[in-house]
Amino acid sequence: MRRILIFVLYALFALSVLSQNAVWVIKPVYEEISTFSEGVAAVKQNGKWGYFTSNGNKILELEYDMAFPFSEGIGVLTNSGNRLAAIVDKAGNKIVFGDSLTIDRRFALFSDGLLLVAGKNGWGYMDKTGKIQIPCKYKYANPFSDGLAAVCLELRYWYYIDTDGNPSIGPWNKKQTNRWASGFNGGKALVLFDNQTKLINREGKVLKEKIPNIISLPDEIIYKQKNIRCKDGTLIFDQKSRIIAFISNGNDTIRFMPEQENPVISPANTPFIPIMLDGQVLTAEDERVTWTDHLTAIIRRSGSYGTIAFREGSDFIIETEDGIASSKRQATAKCSIRNISNTTMYENLEVRINGKILSDLRQMAPNSERTFTVDFDGETEKGTLHTFISEYGLQMEDDLKNISIHDIPYIKISIDEDNAILAAGQTVYPIHLSVTNTTSTRITGITVSANDSEEKSRKIDIMAGSTVKMQFTIPAMTTHISVTASHPDFWDINEYKSITIKKTSETTITKPQMDRENIIFKRF
């Protein structure tokens, strides 16, 4: 009986949901990864920082003590002591500095094209070419926002300058000393005078809007803090020194800017796609996941960080052969895995077929293919071929196929002659036959015999896909030939033939049983 292998591909809903082509964009081997800003994340490894784009391209080597979020297309990098080391764009073009400039970590960003920096004589502003645009001469200064920046040459006398360094609002007279001035937001800014808080517009006009009277404490250190301590609470400001809110000592909050809400990804209200990581489903609320949006996220795995994204289509194709050879004890199927990406090198792969991990497959180069064999018990009528692929624990493919196994032969026999010619006086004649191994592996210890004669039986080995030819000598009186090939692990295959012996001399060949002209094939 021939064996026919039938594969029925089916998709389980749970498996299809959990395999949505999530891929590592930044491999999970880094100590820290910041949230993305302008499509760029700061990444830390071995104590040093650099940048990666959202599609996984490294902008520059990780060799700086700190990398701040991108702003206006530029990243700011520092070394110890807040020393400005370099600025870089998304293409990796960087300008390197010596030890002459430092930055304020609170305001490490470009705003209105300028970065707040400190030189030997005070604070000033640098443009994107690395040139000092406004001299470093101010005792304290804030970043630009809406084209204006608050500065002071001496304490209690803050005023605003434009991007050319010219005074725009203030300085106020000596009787109106002030302790701090915020950045502008929506054309409004907050100025803390000694005993009164004023809200002003870009022309310096005091607005009549009702605001709390916030009085700053008389302490120079407040200008160096992340937030400003006041008599009745704390002023919270952002990276452009714009007032976000005032939190009173009683924990009441007065907001000056709309609350900046981070997107919360939840299966209840978004097209959320669950992630399978190390055999577990990560939900939107999992502490190991920081979502950028519903298709990208920062993942913490085993103490390291990476980023994932979901793609249309997959880089992996899993295929199985349409038919397999089978024996009494074993059936063997082939499974091929292809990386069809032109650019992506997959590494730290775990590939499991029917639960067995393929330890020899740890990485796959672009446009590469690997083929594996999967063994089944030969007595099995139905089985499954389950192929699971993950990279750094992140599931990428999960393919499950039902297999129905039917008998097919491993060994095929053919007798080359359909008849034999007996010459005058000849008492024996040769029978030529072929034994073929139809499997993909070498078979040893095959017994081949003609007419079940023990003394005529032979032991042979046949390489995969090969044929062995041999000859048996048969007595001339024989009219039926029976050839058998057998192996203890395979189905026996018997070939029976009735062969007519043709006469070449009437005077020599007279036996009536040899006077037959027709070839008879008989299978038992």
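Note that the structure is predicted; figures quoted are calculated from it, not measured.
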Can you see whether T177 engages D194 through a side-chain donor-acceptor pair at a distance of less than 3.5 angstrom? yes
Taking the side chain as everything from C-beta on, heavy atoms only, tell me whether E31 gets closer than 4.5 Å to Y305. no
Only counting residues at least two apart or in another chain, list the ones meeting salt bridge (charged side-chain N to carboxylate O under 4.0 Å, His left out) with R362. none
Going by ring pair (Phe, Tyr, Trp, His ring centres under 6.0 Å), name the pairs with one or both residues in residues 50-93, residues two or more places apart or in two chains. Y30-F52, Y51-F70
Could you tell me whether the side chain of D127 and the main chain of G130 form a donor-acceptor pair under 3.5 Å? yes
Would you call I243 and S182 a side-chain contact if the rule is heavy atoms closer than 4.5 Å? yes
I'd like to check the ring-ring contact (aromatic ring centres under 6.0 Å, His included) partners of Y157; sequence neighbours left out, ordered by chain and number. none
Under the side-chain hydrogen bond (donor to acceptor under 3.5 Å, both in side chains) criterion, do E347 and Y392 qualify, and how do the steps go? CA-CA 8 Å; E347 59 188 38; Y392 288 101; 2.9 Å; yes
Of all residues at least two apart in sequence or in a different chain, which pass the side-chain hydrogen bond (donor to acceptor under 3.5 Å, both in side chains) check with N201? none
Do any pairs count as a side-chain hydrogen bond (donor to acceptor under 3.5 Å, both in side chains) and have a residue in residues 226-238, sequence neighbours left out, and if so which ones? D219-R229, D238-R242
Treating T307 as the side-chain partner and I26 as the backbone partner, does any N or O pair qualify as donor plus acceptor under 3.5 Å? yes
Distance-only check: which donor-acceptor pairs under 3.5 Å involve side-chain atoms of residues 133-142, not counting sequence neighbours?
unit_1 : atom_1 : unit_2 : atom_2 : d
Y140   : OH     : E220   : OE2    : 2.9
N142   : ND2    : A181   : O      : 3.0

For the pair N178 (side chain) and W158 (backbone), establish whether a donor and an acceptor sit closer than 3.5 Å, ignoring hydrogens and angles. yes
Which pairs, with at least one residue in residues 341-363 and sequence neighbours excluded, count as a ring pair (Phe, Tyr, Trp, His ring centres under 6.0 Å)? F316-Y346
Distance-only, no hydrogens or angles: does the K90 side chain make a donor-acceptor pair with backbone N or O of G39 under 3.5 Å? no
Check: V29 main-chain N/O paired with Q45 side-chain donor or acceptor under 3.5 Å: yes
Kindly write out the residues that satisfy side-chain hydrogen bond (donor to acceptor under 3.5 Å, both in side chains) with E63, not counting sequence neighbours, or none if the list is empty. K94
Carboxylate-amine/guanidinium proximity below 4.0 Å for K48 and E61: no
Return yes if some donor-acceptor pair links the side-chain N/O of D252 with the main-chain N/O of I247 below 3.5 Å, else return no. no
Quick test of your reading of the model: are D360 and R370 salt-bridged, counting only N-O distances below 4.0 Å? yes
Test side-chain hydrogen bond (donor to acceptor under 3.5 Å, both in side chains) on N166 and D164 and set out the steps. CA-CA 6 Å; N166 300 317; D164 292 325; 4.5 Å; no
Can you list the residues that meet the side-chain contact (heavy atoms from CB on, under 4.5 Å) rule with S54, with sequence neighbours excluded? F36
Should I74 and V88 count as side-chain neighbours, where that means a heavy-atom distance under 4.5 Å? no
Run the side-chain donor-acceptor check on residues 109-123: report pairs under 3.5 Å with partners two or more places apart or on a different chain.
unit_1 : atom_1 : unit_2 : atom_2 : d
S111   : OG     : F144   : O      : 2.4
D112   : OD2    : G147   : N      : 2.8

List for me each residue that meets salt bridge (charged side-chain N to carboxylate O under 4.0 Å, His left out) alongside D146, sequence neighbours excluded, and say none if there are none. none
Salt bridge (charged side-chain N to carboxylate O under 4.0 Å, His left out) with R156: which residues, sequence neighbours excluded? none
